Amino acid sequence: MGLSAKEQGRRDYLKNTKPRVFEKVSGFTEKYNRGESIALIQLQYNYICNMKCEHCSIKRFQGKNDRRRLTPADVKILADQADALGLARFVISGGEPTVFPDLDELVAAIGPDRFFINSDTNGYLLAEKAQHMKDIGIDRIQLSIDSLDAEAHDEFRGLPGAFAHAIAGIEECQRIGLPVYIQTVVTKERLHSDEFLKFLTHFNQKGLGVFVSFAKPVGAWEGHFDNLIDKNDLAFMHELEKKYQVFTHLTPGYGLDMGCIGVKGFITVTEYGDVQPCPYIHTSIGNIFEESLADIIKTGMDIKFFGEHVDTCLIAEDLPFIKKYVAGHIYGKPVPVPYKEVFDDSDRTVNPYWKKG
(Lines give C-alpha, C1' and ligand atoms only; values in the text may rest on other atoms or scores of the structure.)
Protein backbone atom coordinates (compact mmCIF):
# COMPACT_ATOMS: atom_id res chain seq x y z
CA MET A 1 0.00 0.00 0.00
CA GLY A 2 1.48 3.35 -1.05
CA LEU A 3 1.45 6.55 0.95
CA SER A 4 -1.60 8.78 0.66
CA ALA A 5 -1.16 12.48 0.00
CA LYS A 6 -2.16 13.13 3.62
CA GLU A 7 0.42 10.68 4.95
CA GLN A 8 3.11 12.15 2.72
CA GLY A 9 2.21 15.59 4.05
CA ARG A 10 2.63 14.36 7.63
CA ARG A 11 6.05 12.94 6.80
CA ASP A 12 7.14 16.17 5.13
CA TYR A 13 6.11 18.03 8.29
CA LEU A 14 8.11 15.64 10.48
CA LYS A 15 11.13 15.88 8.20
CA ASN A 16 11.23 19.63 8.72
CA THR A 17 10.31 19.78 12.41
CA LYS A 18 11.30 16.46 13.98
CA PRO A 19 14.01 14.77 11.92
CA ARG A 20 14.55 12.01 14.51
CA VAL A 21 10.85 11.12 14.43
CA PHE A 22 10.83 11.31 10.63
CA GLU A 23 13.74 8.88 10.48
CA LYS A 24 11.91 6.37 12.65
CA VAL A 25 8.55 6.71 10.90
CA SER A 26 10.25 6.28 7.53
CA GLY A 27 11.47 2.90 8.74
CA PHE A 28 8.02 1.64 9.81
CA THR A 29 7.29 -0.35 6.65
CA GLU A 30 10.63 -2.12 6.79
CA LYS A 31 10.20 -2.90 10.51
CA TYR A 32 6.68 -4.18 9.95
CA ASN A 33 7.79 -6.41 7.10
CA ARG A 34 10.46 -7.88 9.38
CA GLY A 35 7.75 -8.75 11.88
CA GLU A 36 8.68 -6.05 14.40
CA SER A 37 6.31 -3.88 16.39
CA ILE A 38 5.90 -0.21 15.46
CA ALA A 39 3.73 0.39 18.51
CA LEU A 40 2.37 3.71 19.57
CA ILE A 41 2.70 3.85 23.37
CA GLN A 42 -0.44 4.99 25.13
CA LEU A 43 0.72 6.09 28.56
CA GLN A 44 -2.01 5.93 31.19
CA TYR A 45 0.27 7.92 33.42
CA ASN A 46 -2.15 8.85 36.19
CA TYR A 47 -5.78 7.82 36.70
CA ILE A 48 -6.89 11.06 38.36
CA CYS A 49 -9.73 12.69 36.45
CA ASN A 50 -12.15 15.59 36.77
CA MET A 51 -15.07 13.71 35.17
CA LYS A 52 -17.06 10.52 35.75
CA CYS A 53 -17.86 9.33 32.23
CA GLU A 54 -20.60 6.79 31.63
CA HIS A 55 -18.36 4.58 29.48
CA CYS A 56 -15.10 4.92 31.44
CA SER A 57 -12.86 2.01 30.44
CA ILE A 58 -10.40 2.43 33.31
CA LYS A 59 -12.97 2.56 36.11
CA ARG A 60 -11.64 -0.64 37.70
CA PHE A 61 -8.08 0.78 37.72
CA GLN A 62 -9.05 3.80 39.79
CA GLY A 63 -9.15 4.04 43.56
CA LYS A 64 -6.82 3.09 46.37
CA ASN A 65 -3.81 1.04 45.30
CA ASP A 66 -0.47 0.70 47.07
CA ARG A 67 1.46 -0.53 44.03
CA ARG A 68 4.45 1.36 42.67
CA ARG A 69 3.38 4.17 40.35
CA LEU A 70 5.08 5.72 37.34
CA THR A 71 7.25 8.80 37.78
CA PRO A 72 8.85 10.97 35.11
CA ALA A 73 12.13 9.15 35.80
CA ASP A 74 10.44 5.82 35.01
CA VAL A 75 8.96 7.28 31.84
CA LYS A 76 12.42 8.50 30.78
CA ILE A 77 13.72 4.91 31.00
CA LEU A 78 10.70 3.63 29.07
CA ALA A 79 11.14 6.30 26.38
CA ASP A 80 14.86 5.53 26.07
CA GLN A 81 14.02 1.86 25.43
CA ALA A 82 11.25 2.79 22.98
CA ASP A 83 13.61 5.09 21.07
CA ALA A 84 16.20 2.32 20.84
CA LEU A 85 13.50 0.04 19.37
CA GLY A 86 12.66 2.61 16.70
CA LEU A 87 9.28 3.51 18.16
CA ALA A 88 8.16 7.04 17.44
CA ARG A 89 4.85 7.90 19.08
CA PHE A 90 3.40 8.48 22.55
CA VAL A 91 -0.12 9.32 23.66
CA ILE A 92 -0.35 10.85 27.11
CA SER A 93 -3.53 9.56 28.69
CA GLY A 94 -4.98 8.85 32.08
CA GLY A 95 -7.19 9.89 33.71
CA GLU A 96 -7.11 13.44 32.45
CA PRO A 97 -3.70 14.86 31.45
CA THR A 98 -4.67 18.51 31.94
CA VAL A 99 -4.92 17.91 35.70
CA PHE A 100 -1.56 16.13 36.02
CA PRO A 101 0.61 18.18 38.43
CA ASP A 102 3.82 17.02 36.70
CA LEU A 103 2.78 17.23 33.03
CA ASP A 104 5.81 19.37 32.14
CA GLU A 105 8.24 16.86 33.62
CA LEU A 106 6.39 14.00 31.92
CA VAL A 107 6.64 15.55 28.46
CA ALA A 108 10.33 16.34 29.00
CA ALA A 109 10.94 12.72 30.07
CA ILE A 110 9.38 11.40 26.86
CA GLY A 111 11.44 13.81 24.75
CA PRO A 112 9.61 15.95 22.16
CA ASP A 113 12.67 15.91 19.90
CA ARG A 114 12.51 12.11 19.52
CA PHE A 115 8.78 11.34 19.70
CA PHE A 116 5.53 12.65 18.25
CA ILE A 117 3.44 13.34 21.35
CA ASN A 118 -0.35 13.32 21.44
CA SER A 119 -2.43 14.10 24.50
CA ASP A 120 -5.90 12.82 25.27
CA THR A 121 -8.25 15.23 27.02
CA ASN A 122 -11.88 15.71 27.90
CA GLY A 123 -11.34 19.38 27.07
CA TYR A 124 -12.64 20.92 30.29
CA LEU A 125 -9.39 22.79 31.01
CA LEU A 126 -8.02 22.81 27.48
CA ALA A 127 -8.74 26.43 26.56
CA GLU A 128 -6.61 27.73 29.43
CA LYS A 129 -3.83 25.17 29.00
CA ALA A 130 -3.52 24.68 25.22
CA GLN A 131 -0.78 27.25 24.67
CA HIS A 132 1.32 25.83 27.48
CA MET A 133 0.82 22.28 26.21
CA LYS A 134 2.01 23.37 22.79
CA ASP A 135 4.98 25.24 24.28
CA ILE A 136 6.27 22.22 26.24
CA GLY A 137 6.21 19.97 23.18
CA ILE A 138 2.79 18.34 22.81
CA ASP A 139 2.17 17.95 19.08
CA ARG A 140 -1.55 17.17 18.89
CA ILE A 141 -4.69 17.04 21.01
CA GLN A 142 -7.19 14.16 20.98
CA LEU A 143 -10.37 15.65 22.42
CA SER A 144 -13.36 13.54 23.42
CA ILE A 145 -16.88 14.67 22.55
CA ASP A 146 -19.87 12.35 22.73
CA SER A 147 -22.75 14.37 21.26
CA LEU A 148 -23.55 17.70 19.62
CA ASP A 149 -26.26 18.06 22.24
CA ALA A 150 -24.60 19.87 25.12
CA GLU A 151 -26.96 18.45 27.73
CA ALA A 152 -26.49 14.88 26.50
CA HIS A 153 -22.71 15.27 26.40
CA ASP A 154 -22.60 16.77 29.89
CA GLU A 155 -24.80 13.99 31.27
CA PHE A 156 -22.60 11.33 29.61
CA ARG A 157 -19.50 12.98 31.07
CA GLY A 158 -20.99 13.60 34.50
CA LEU A 159 -20.05 17.28 34.63
CA PRO A 160 -22.17 20.35 33.79
CA GLY A 161 -20.47 22.66 31.30
CA ALA A 162 -18.30 19.89 29.84
CA PHE A 163 -19.49 20.51 26.27
CA ALA A 164 -19.03 24.30 26.38
CA HIS A 165 -15.53 23.92 27.80
CA ALA A 166 -14.59 21.35 25.15
CA ILE A 167 -15.77 23.62 22.32
CA ALA A 168 -13.80 26.51 23.82
CA GLY A 169 -10.76 24.24 23.90
CA ILE A 170 -11.15 23.38 20.22
CA GLU A 171 -11.42 27.03 19.29
CA GLU A 172 -8.30 27.89 21.27
CA CYS A 173 -6.30 25.07 19.69
CA GLN A 174 -7.31 26.25 16.24
CA ARG A 175 -6.44 29.83 17.14
CA ILE A 176 -2.90 28.97 18.26
CA GLY A 177 -2.25 26.32 15.61
CA LEU A 178 -2.20 23.26 17.88
CA PRO A 179 -3.58 20.35 15.81
CA VAL A 180 -6.67 18.73 17.28
CA TYR A 181 -9.06 15.98 16.31
CA ILE A 182 -12.24 14.69 17.88
CA GLN A 183 -12.59 11.31 19.57
CA THR A 184 -16.08 9.90 20.01
CA VAL A 185 -17.52 6.66 21.36
CA VAL A 186 -19.92 4.84 19.04
CA THR A 187 -22.30 2.05 19.98
CA LYS A 188 -24.03 -0.15 17.41
CA GLU A 189 -27.16 1.98 17.70
CA ARG A 190 -25.36 5.31 17.39
CA LEU A 191 -23.35 4.22 14.34
CA HIS A 192 -26.53 4.06 12.23
CA SER A 193 -28.18 7.18 13.63
CA ASP A 194 -28.83 10.52 11.94
CA GLU A 195 -27.21 12.12 14.98
CA PHE A 196 -23.89 10.47 14.20
CA LEU A 197 -23.91 11.61 10.56
CA LYS A 198 -24.70 15.16 11.70
CA PHE A 199 -21.85 14.86 14.21
CA LEU A 200 -19.38 13.91 11.47
CA THR A 201 -20.61 16.63 9.14
CA HIS A 202 -20.43 19.30 11.84
CA PHE A 203 -16.83 18.67 12.82
CA ASN A 204 -15.61 17.95 9.30
CA GLN A 205 -16.98 21.33 8.23
CA LYS A 206 -14.83 22.87 10.96
CA GLY A 207 -11.78 21.14 9.48
CA LEU A 208 -11.64 18.48 12.19
CA GLY A 209 -11.24 14.75 11.69
CA VAL A 210 -13.18 12.34 13.90
CA PHE A 211 -11.70 9.22 15.47
CA VAL A 212 -14.29 6.58 16.31
CA SER A 213 -13.81 4.34 19.32
CA PHE A 214 -16.32 1.51 19.18
CA ALA A 215 -18.06 0.61 22.43
CA LYS A 216 -16.17 -2.00 24.47
CA PRO A 217 -17.70 -4.27 27.18
CA VAL A 218 -15.10 -3.32 29.81
CA GLY A 219 -14.78 -0.83 32.65
CA ALA A 220 -18.09 0.89 33.35
CA TRP A 221 -19.62 -0.99 30.39
CA GLU A 222 -18.52 -4.45 31.50
CA GLY A 223 -21.01 -7.02 30.25
CA HIS A 224 -22.85 -4.56 27.97
CA PHE A 225 -22.74 -6.78 24.89
CA ASP A 226 -25.77 -5.07 23.33
CA ASN A 227 -23.58 -2.05 22.52
CA LEU A 228 -21.20 -4.08 20.36
CA ILE A 229 -20.84 -3.79 16.60
CA ASP A 230 -20.63 -6.68 14.13
CA LYS A 231 -18.92 -7.24 10.78
CA ASN A 232 -21.75 -5.58 8.88
CA ASP A 233 -21.28 -2.51 11.05
CA LEU A 234 -17.55 -2.51 10.26
CA ALA A 235 -18.41 -2.61 6.55
CA PHE A 236 -20.79 0.33 7.07
CA MET A 237 -18.02 2.22 8.88
CA HIS A 238 -15.69 1.56 5.97
CA GLU A 239 -18.19 3.20 3.63
CA LEU A 240 -18.43 6.22 5.92
CA GLU A 241 -14.65 6.59 5.71
CA LYS A 242 -15.04 7.17 1.97
CA LYS A 243 -17.46 10.06 2.53
CA TYR A 244 -16.23 11.70 5.71
CA GLN A 245 -12.98 12.54 7.45
CA VAL A 246 -13.45 9.73 9.97
CA PHE A 247 -11.22 6.85 11.02
CA THR A 248 -10.76 4.03 13.52
CA HIS A 249 -7.85 1.94 14.78
CA LEU A 250 -8.53 -0.38 11.85
CA THR A 251 -8.01 2.40 9.29
CA PRO A 252 -4.74 1.81 7.39
CA GLY A 253 -1.99 4.19 8.47
CA TYR A 254 1.65 4.83 7.58
CA GLY A 255 0.98 3.06 4.28
CA LEU A 256 0.16 -0.17 6.16
CA ASP A 257 -3.04 -2.15 6.62
CA MET A 258 -2.41 -3.81 9.97
CA GLY A 259 -5.95 -4.76 10.96
CA CYS A 260 -6.03 -5.01 14.75
CA ILE A 261 -3.04 -3.01 15.95
CA GLY A 262 -2.74 -4.60 19.40
CA VAL A 263 1.00 -4.93 20.25
CA LYS A 264 2.10 -4.76 16.60
CA GLY A 265 0.96 -1.15 16.37
CA PHE A 266 -0.20 -0.14 19.85
CA ILE A 267 0.45 -0.87 23.51
CA THR A 268 -0.89 0.65 26.71
CA VAL A 269 1.25 1.24 29.80
CA THR A 270 -0.77 1.59 33.00
CA GLU A 271 -0.02 3.90 35.92
CA TYR A 272 1.49 0.85 37.62
CA GLY A 273 3.84 -0.13 34.80
CA ASP A 274 1.79 -3.01 33.39
CA VAL A 275 1.75 -3.26 29.59
CA GLN A 276 -1.52 -4.20 27.89
CA PRO A 277 -2.11 -5.06 24.21
CA CYS A 278 -4.57 -2.16 24.05
CA PRO A 279 -6.51 0.02 26.53
CA TYR A 280 -9.49 -2.35 26.54
CA ILE A 281 -7.99 -5.84 26.78
CA HIS A 282 -7.09 -5.79 30.45
CA THR A 283 -4.37 -8.39 30.50
CA SER A 284 -0.74 -7.65 31.35
CA ILE A 285 1.94 -8.94 28.99
CA GLY A 286 4.64 -7.67 31.33
CA ASN A 287 5.64 -4.83 33.63
CA ILE A 288 8.24 -2.19 32.77
CA PHE A 289 9.52 -2.20 36.35
CA GLU A 290 10.48 -5.85 35.96
CA GLU A 291 11.32 -6.44 32.28
CA SER A 292 12.65 -4.61 29.26
CA LEU A 293 10.19 -3.16 26.78
CA ALA A 294 11.69 -5.35 24.06
CA ASP A 295 10.99 -8.53 26.04
CA ILE A 296 7.46 -7.42 26.88
CA ILE A 297 6.65 -6.69 23.24
CA LYS A 298 8.05 -10.10 22.25
CA THR A 299 5.74 -11.73 24.79
CA GLY A 300 2.78 -9.95 23.24
CA MET A 301 3.78 -10.81 19.69
CA ASP A 302 4.01 -14.48 20.67
CA ILE A 303 0.24 -14.47 21.36
CA LYS A 304 -1.58 -15.24 18.10
CA PHE A 305 -4.20 -12.52 18.48
CA PHE A 306 -1.49 -9.87 18.46
CA GLY A 307 1.31 -11.54 16.50
CA GLU A 308 -0.88 -12.48 13.53
CA HIS A 309 -2.97 -10.34 11.21
CA VAL A 310 -6.50 -10.01 12.62
CA ASP A 311 -8.93 -8.16 10.38
CA THR A 312 -11.29 -6.91 13.09
CA CYS A 313 -11.34 -5.22 16.48
CA LEU A 314 -11.26 -8.16 18.88
CA ILE A 315 -12.64 -6.30 21.88
CA ALA A 316 -15.36 -4.41 19.97
CA GLU A 317 -16.64 -6.93 17.43
CA ASP A 318 -15.39 -10.48 18.05
CA LEU A 319 -17.99 -11.79 20.50
CA PRO A 320 -16.51 -15.33 20.77
CA PHE A 321 -13.14 -13.78 21.72
CA ILE A 322 -14.81 -11.47 24.24
CA LYS A 323 -16.83 -14.23 25.89
CA LYS A 324 -13.97 -16.74 26.04
CA TYR A 325 -11.01 -14.55 26.98
CA VAL A 326 -12.42 -11.35 28.46
CA ALA A 327 -15.64 -12.44 30.18
CA GLY A 328 -14.18 -15.90 30.84
CA HIS A 329 -10.77 -14.93 32.23
CA ILE A 330 -10.75 -11.20 33.08
CA TYR A 331 -14.18 -10.31 34.47
CA GLY A 332 -14.30 -10.49 38.25
CA LYS A 333 -10.52 -10.40 38.76
CA PRO A 334 -8.17 -7.56 39.74
CA VAL A 335 -6.98 -5.90 36.54
CA PRO A 336 -4.86 -6.21 34.60
CA VAL A 337 -4.89 -10.01 34.72
CA PRO A 338 -1.51 -11.67 33.93
CA TYR A 339 -1.53 -12.97 30.35
CA LYS A 340 -0.77 -16.54 31.47
CA GLU A 341 -4.16 -16.57 33.22
CA VAL A 342 -5.90 -15.45 30.01
CA PHE A 343 -4.07 -17.23 27.18
CA ASP A 344 -2.53 -20.72 27.03
CA ASP A 345 -0.17 -22.62 24.73
CA SER A 346 -2.90 -23.08 22.12
CA ASP A 347 -2.97 -19.29 21.73
CA ARG A 348 0.64 -18.94 20.62
CA THR A 349 1.48 -17.33 17.28
CA VAL A 350 1.58 -19.70 14.31
CA ASN A 351 1.49 -17.36 11.30
CA PRO A 352 3.15 -14.00 12.00
CA TYR A 353 0.85 -11.06 11.21
CA TRP A 354 2.89 -9.88 8.23
CA LYS A 355 2.16 -13.22 6.51
CA LYS A 356 -1.59 -12.92 6.12
CA GLY A 357 -3.32 -16.28 5.90
Side-chain angles (χ1 to χ4, degrees), residues 37 39-53 55-79 81-82 87 89-107 109-110 115-125 133 138 140-144 157 183 185 211 213 216 218-222 249 261-263 265-291 293 296-297 300 306 315 326 330 333-339:
S37 172
L40 175 154
I41 300 173
Q42 187 210 44
L43 191 64
Q44 295 180 345
Y45 179 71
N46 191 320
Y47 290 127
I48 59 171
C49 190
N50 53 357
M51 292 190 183
K52 294 183 179 180
C53 302
H55 68 306
C56 183
S57 64
I58 51 93
K59 182 177 181 180
R60 290 182 59 201
F61 289 82
Q62 295 175 312
K64 182 176 174 57
N65 195 316
D66 296 328
R67 295 179 63 195
R68 177 180 172 182
R69 288 175 162 83
L70 293 173
T71 67
D74 298 319
V75 173
K76 171 68 164 56
I77 294 170
L78 172 66
Q81 293 181 33
L87 305 183
R89 302 160 294 156
F90 268 82
V91 173
I92 298 173
S93 190
E96 171 52 38
T98 60
V99 301
F100 292 174
D102 53 354
L103 181 62
D104 292 29
E105 293 83 357
L106 174 60
V107 173
I110 294 170
F115 291 98
F116 188 89
I117 303 176
N118 295 274
S119 178
D120 285 332
T121 182
N122 57 41
Y124 196 82
L125 298 174
M133 294 172 81
I138 291 174
R140 186 170 60 187
I141 297 296
Q142 305 174 181
L143 193 155
S144 295
R157 292 274 155 180
Q183 294 188 116
V185 176
F211 173 77
S213 178
K216 317 293 196 307
V218 298
W221 276 356
E222 187 172 297
H249 278 311
I261 60 174
V263 185
F266 193 108
I267 57 172
T268 291
V269 181
T270 74
E271 179 180 346
Y272 306 103
D274 291 300
V275 179
Q276 301 179 151
C278 83
Y280 311 106
I281 301 178
H282 295 158
T283 182
S284 174
I285 56 174
N287 189 291
I288 65 168
F289 297 141
E290 301 166 0
E291 303 172 70
L293 183 60
I296 293 171
I297 288 175
F306 315 118
I315 192 61
V326 180
I330 296 177
K333 296 181 180 180
V335 291
V337 178
Y339 76 95

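None of the values given here were measured: they were computed from a predicted structure. Position 1 is the first residue of the sequence; numbering continues from there.
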I'd like to check [X] versus [Y] (side-chain heavy atoms, cut-off strictly below 4.5 Å). Are they in contact?
{"X": "Asn46", "Y": "Leu106", "value": "no"}
{"X": "Ser213", "Y": "Gln183", "value": "no"}
{"X": "Tyr45", "Y": "Asp102", "value": "yes"}
{"X": "Ile267", "Y": "Leu293", "value": "yes"}
{"X": "Glu96", "Y": "Leu125", "value": "no"}
{"X": "Phe266", "Y": "His249", "value": "yes"}
{"X": "Val326", "Y": "Lys216", "value": "no"}
{"X": "Ile297", "Y": "Val275", "value": "no"}

Interatomic distance, [X] atom [atom1] to [Y] atom [atom2] [nearest 0.5 angstrom]:
{"X": "Thr283", "Y": "Asp274", "atom1": "OG1", "atom2": "CG", "result": "9.5 Å"}
{"X": "Leu43", "Y": "Thr270", "atom1": "CG", "atom2": "OG1", "result": "9.0 Å"}
{"X": "Ser284", "Y": "Tyr272", "atom1": "OG", "atom2": "OH", "result": "13.5 Å"}
{"X": "Ile330", "Y": "Ile281", "atom1": "CD1", "atom2": "CD1", "result": "7.5 Å"}
{"X": "Gln81", "Y": "Lys76", "atom1": "CD", "atom2": "NZ", "result": "11.0 Å"}
{"X": "Ile77", "Y": "Phe289", "atom1": "CD1", "atom2": "CZ", "result": "9.0 Å"}

Item to check | Non-neighbouring partners of Phe116 that pass ring-ring contact (aromatic ring centres under 6.0 Å, His included), sequence neighbours left out | outcome: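 Phe116: no ring-ring contact (aromatic ring centres under 6.0 Å, His included) contacts found.
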
Item to check | side-chain hydrogen bond (donor to acceptor under 3.5 Å, both in side chains) involving Ser144 - partner list, sequence neighbours excluded | outcome: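 Per chain and number, Ser144 pairs via side-chain hydrogen bond (donor to acceptor under 3.5 Å, both in side chains) with no residue.
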
Checklist entry - Pick from Val107, Asp120, Ile41: which one makes a side-chain contact (heavy atoms from CB on, under 4.5 Å) with Ile92? => result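 For Ile92, the side-chain contact (heavy atoms from CB on, under 4.5 Å) check succeeds only for Val107.
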
Item to check | Given Thr121, Thr98, Asn118, the one that forms side-chain contact (heavy atoms from CB on, under 4.5 Å) with Ile141 | outcome: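 Output: one option passes, namely Thr121.
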
Item to check | Name of the residue among Arg67, Arg68, Arg69 meeting salt bridge (charged side-chain N to carboxylate O under 4.0 Å, His left out) with Glu271 | outcome: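 One option only clears the test, and that one is Arg69.
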
